[in-house]
Amino acid sequence: MTDAEWVVVRPLLPVPGWMQGQGGQPEAYCHRAMLDAIGYLVDNGIKWRAMPADFPPWDRVCAFFRRWRDRGLVREFHDRVRGQVRERAGHDALPTAGVIDSQSVKADAVVGAGTRGFDGGKLVNGRKRHVVVDTLGLLLGVMVTAADVGDRAAAHILLEQVAAAHHRLALVWADGGYTGSLIEHCLAAFALVLAIVKRSDNMKGFVVLSKRWIVERLFAHLMRSRRLARDFERCIASAEAMIYWSMAALMTRRLARPHRGPG
C-alpha cells in the first residue's frame with residue numbers, strides 16, 4: 001500500500017481485542033505489513049510458503065489471514081471500505097438495488113472432490129462464484145460452490161444472506177438463468193423484486209446488456225488477480241475471503257485517488 005492508501009485503510013481496520021481490554025496479546029507484526037503480504041499473495045498468485053523475505057514469515061501471515069477469515073473480519077473490513085466508496089460517489093452507504101450472476105472457474109488439484117464439480121454449460125471442472133453487486137459494481141455478497149450447483153439453487157441461499165445484511169435492498173437484476181419459482185420466492189420471503197434482463201432473440205454477436213454488464217466488470221477484475229484466475233483454495237471460506245480481499249484492495253486504491261466529486 002502507498003502512504004495515501006494506508007491513511008484510508010487504517011481507521012477502517014477492526015480493532016484488536018487486546019486494545020479494548022478483552023485480553024490476548026499484542027500483534028507481533030504491524031497490520032500494514034500483514035495486509036501488504038496478503039495483498040501480494042492475492043495479486044501475484046504465489047504459494048504461502050513462497051512469501052518474499054521482505055514480508056513477515058509466511059506462517060504468521062497465513063495465521064493472520066485465517067484468523068480474520070474465521071471471525072468474519074475480512075468481510076467486515078471490505079464492507080466498511082465499500083460504504084466509504086459509495087458515500088464518496090454520492091450514494092447512500094446502504095444500497096437499494098443490485099445485480100446477481102455467477103462465474104465458473106477451474107479448480108486446482110488441491111481442491112477436493114467434495115467441493116468441486118463440472119459445469120456442463122461452461123465445460124468447466126471446478127467451482128462457481130455466485131455474487132451480488134450494487135449498481136456501482138461493488139460486491140454485496142459472494143458464495144462459492146461446486147461448479148455443478150445451479151444458479152437458482154445457489155441464489156435461494158445467497159439472496160437470503162444479502163437481503164438480511166442489506167435491509168434496504170429492494171431490486172435485483174438477473175439473467176435468464178434465474179427465472180422460475182425463484183422470482184416468487186424472493187418477493188414473498190425477502191420482499192425483493194427479481195427483474196430478469198433477457199437477451200433478445202434477434203440480437204447477433206456480442207451485445208452489452210443493460211445492468212448485466214455491471215457484474216461482468218467485477219468478474220473481469222477478479223480474473224486480473226492471479227490467485228483468483230483459478231481456484232487454489234482447499235477451503236471454500238478461504239476462496240470467498242480472497243474475493244473480498246481483492247475487492248477491498250481495489251476500492252482502497254479508488255479512495256486514495258484525488259476526489260473529483262460525485263461519480
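Heavy-atom minimum distance, Ser102 versus Tyr178: N-OH, 3.7 Å. Here the shortest heavy-atom pairing between Ala174 and Ile100 reads CB-CG2, 3.5 Å. In terms of heavy atoms, Arg254 sits closest to Leu138 at NH1-CD2, 3.8 Å. Nearest heavy-atom pair across Leu35 and Trp6 is CD1-CZ3, 4.1 Å. Among all heavy-atom pairs drawn from Arg75 and Ala165, the shortest one is NH2-CB, 4.2 Å. Minimum heavy-atom separation, Ala147 to Gly117: CB-O, 3.4 Å.
The ring pair (Phe, Tyr, Trp, His ring centres under 6.0 Å) test applied to Phe55 returns Tyr40, not counting sequence neighbours. Residues that satisfy the salt bridge (Lys or Arg N to Asp or Glu O under 4.0 Å) test with Arg86, not counting sequence neighbours, are Asp134.
At a threshold of 4.5 Å between side-chain heavy atoms, the hydrophobic network of Ile, Leu, Val, Met, Phe, Trp and Tyr places Leu194 and Trp173 in two separate groups. No path of Ile, Leu, Val, Met, Phe, Trp and Tyr side chains, each step under 4.5 Å between heavy atoms, connects Met143 with Ile243, placing them in separate hydrophobic clusters. Hydrophobic clustering (ILVMFWY, side-chain heavy atoms < 4.5 Å, transitive): Leu73 and Leu13 are in one cluster. If you chain together hydrophobic residues whose side chains sit under 4.5 Å apart, Met247 and Leu255 fall into the same group. Linking ILVMFWY residues whenever their side-chain heavy atoms come closer than 4.5 Å, directly or via other members, leaves Leu158 and Val133 in distinct clusters.
Contact check for Asp119 versus Gln103: no side-chain heavy atoms found under the 4.5 Å cut-off. Side chains of Val8 and Gln84 form no contact here, defined as non-hydrogen atoms less than 4.5 Å apart. Counting heavy atoms from C-beta outward, Val132 and Val99 have side chains that stay 4.5 Å or more apart. Annotation: side chain of His167 is not in contact with side chain of Leu94 (no heavy-atom distance under 4.5 Å). For the pair Met51 and Leu41, the minimum side-chain heavy-atom distance is below 4.5 Å. Annotation: side chain of Val9 is in contact with side chain of Phe77 (closest heavy-atom distance under 4.5 Å).
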I'd like to know whether Leu171 forms a side chain to side chain contact (heavy atoms under 4.5 Å, CB included) with Thr96, so could you lay out the CA-CA distance, the side-chain angles of the two residues, the decisive distance to 0.1 Å, and finally the verdict. CA-CA 7 Å; Leu171 173 63; Thr96 58; over 6 Å; no
Side chain to side chain contact (heavy atoms under 4.5 Å, CB included) for Arg32 and Arg10? Distances and angles first, verdict last. CA-CA 8 Å; Arg32 181 173 181 177; Arg10 187 172 184 179; over 6 Å; no
Show your working on side chain to side chain contact (heavy atoms under 4.5 Å, CB included) between Phe65 and Met34 and close with a plain yes or no. CA-CA 8 Å; Phe65 170 78; Met34 289 294 195; over 6 Å; no
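Here the CG atom belonging to Asp175 is positioned 15.5 Å from the NZ atom belonging to Lys211, to the nearest 0.5 angstrom. Expressed to the nearest 0.5 Å, how far CZ of Phe64 lies from OH of Tyr29 amounts to 13.0 Å. Annotation: the span from Leu12 atom CG to Thr252 atom OG1 amounts to 7.5 Å, rounded to 0.5 Å. Rounding to the nearest 0.5 Å places CZ of Phe190 at 14.0 Å from NE2 of His166.
Residue pairs meeting the ring pair (Phe, Tyr, Trp, His ring centres under 6.0 Å) criterion with at least one partner in residues 89-148, sequence neighbours excluded, do not occur; the list is empty. The side chain to side chain donor-acceptor pair (under 3.5 Å) pairs that include a residue from residues 51-72 are Glu27-Arg67, Arg69-Ser238, where partners are two or more places apart or lie in different chains. Each ring pair (Phe, Tyr, Trp, His ring centres under 6.0 Å) pair with one or both residues in residues 139-163, not counting sequence neighbours, appears once here: His156-His185.
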Under 3.5 Å donor-acceptor pairs involving side-chain atoms of residues 217-231, not counting sequence neighbours:
from	atom 1	to	atom 2	distance (Å)
Arg217	NH2	Leu136	O	2.9
His221	NE2	Ser246	OG	3.2
Ser225	OG	Ser246	OG	3.3
Arg227	NE	Glu233	OE2	2.7
Arg227	NH1	Ile46	O	2.7
Arg227	NH2	Glu233	OE1	3.3
Arg227	NH2	Glu233	OE2	3.2
Asp231	OD1	Arg127	NH1	3.0
Asp231	OD1	Glu233	N	3.1
Asp231	OD2	Arg127	NH1	3.4

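Using modelled atom types, no side-chain atom of Lys106 and backbone atom of Val124 make a donor-acceptor pair closer than 3.5 Å. At distances below 3.5 Å, at least one donor-acceptor pair connects side-chain atoms of Glu5 with backbone N or O atoms of Thr2. Side chain of Glu240 to main chain of Val144: a donor-acceptor pair is present (N/O by atom type, distance under 3.5 Å, no hydrogens or angles).
A salt bridge does not link Arg212 to Glu216: none of the charged side-chain nitrogens sits closer than 4.0 Å to a carboxylate oxygen. Under the 4.0 Å criterion applied to side-chain N and carboxylate O atoms, Arg116 and Asp148 are not assigned as salt-bridge partners. Using a 4.0 Å cut-off between charged nitrogen and carboxylate oxygen, Arg234 and Asp108 do not count as a salt-bridge pair.
In the displayed structure, Asp92 atom CG is contacted under 6.0 Å by more than 12 heavy atoms of other residues, nucleotides or ligands.
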